[in-house]
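What follows is one structure encoded as structure tokens, with my remarks underneath.
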Amino acid sequence: MPGPAGGGDLEPLADRVLACVQLIPAGRVMSYGDVAEFVGSRAPRQVGRILALAGGTVPWYRVLRSDGSCAEHLHSEQVASLVAEGVPFRGERVDMAAARWDGR
DNA sequence: TTTCTGACACTAG
DNA sequence: CCTAGTGCCAGAA
């Protein structure tokens with residue numbers, strides 16, 4: 001194999017991130033860092049960047065910060081969509097302890 | 001090649 | 001509970 005082959009870069013990081021987000025079941029959520037690690041990358045910021053470019057093609061609202069909060073521009077749609085799917089909330093933030101999805 | 005930016009994560013106070 | 005500072009990686013100019 002051509003290299004350490006730590007995580008297969010067969011496809012652009014963007015495609016793998018979008019695929020991971022689409023795999024998230026309704027009622028569950030994942031943090032940017034979790035998605036990044038799930039795809040084999042350590043750049044949670046890139047995940048947000050990718051969703052910003054093609055977020056309209058995937059349930060981006062199922063992805064938020066590791067503390068359960070979200071960005072200002074998303075706060076309104078983010079919360080509305082999650083509540084509609086039955087995601088457990090704790091005040092203004094999501095209960096990651098119960099809604100966090102680890103890929104199984 | 002270097003430099004800047006970004007829908008973040010983490011630790012400390 | 002909150003804010004502030006630092007480190008991380010990937011892509012574009």
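Quick note on labels: first sequence line is chain A, next is B, and so on, each numbered from 1. Keep in mind it's a predicted model, so treat the numbers as computed, not measured.
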Just checking A:R45: base, sugar-phosphate only, or nothing, at a heavy-atom cut-off of under 4.0 Å?
base
Can you confirm whether A:Q22 is buried at CD, in the sense that more than 12 heavy atoms of other residues, nucleotides or ligands lie under 6.0 Å from that atom?
yes
Residue of the set A:V35, A:D34, A:V29 for which side chain to side chain contact (heavy atoms under 4.5 Å, CB included) holds with A:S31:
A:D34
Between A:W60 and A:E77, what is the shortest heavy-atom contact and its length?
CH2-CB, 3.9 Å
Can you tell me which nucleotide in C:dC1, B:dA7, C:dC9 comes closest to the side chain of A:S41?
C:dC9
Please report, rounded to the nearest Å, how far the P atom of C:dC8 is from the CG atom of A:L13.
18 Å
Taking atom types as they are modelled, would you say the side chain of A:Q46 forms a donor-acceptor pair with the base of C:dG11 within the 3.5 Å cutoff?
no
Measure from CZ on A:F38 to C1' on B:dC8 and round the result to the nearest Å.
19 Å
Under 3.5 Å donor-acceptor, A:E37 side chain and A:P44 backbone
no
Which whole-number value in Å describes the distance from A:R49 CZ to B:dG6 C1'?
5 Å
When you measure from the side-chain N and O atoms of A:S66 to the phosphate of B:dC8, is any distance below 4.0 Å, counting only OP1 and OP2?
no
note: A:R93, atom CZ; C:dC2, atom P; distance rounded to Å ~ 5 Å
To the nearest angstrom, the NE2-P distance between A:H75 and B:dC8 comes to 14 Å
Reading DNA chain B from 5' onward, which residue's closest nucleotide shows up sooner: A:A43 or A:G33?
A:A43
Once you round it to whole Å, what is the distance between P of B:dG6 and CZ of A:R65?
13 Å
Distance between the C1' atoms of C:dA13 and B:dA7, in whole angstroms?
23 Å
Lys/Arg N to Asp/Glu carboxylate O, A:D102 vs A:R104, below 4.0 Å:
yes
Give the rounded distance in Å between these two atoms: CD of A:E72 and P of B:dG6.
16 Å
Without decimals, in angstroms, what is the distance between A:D67 CG and B:dA9 P?
7 Å
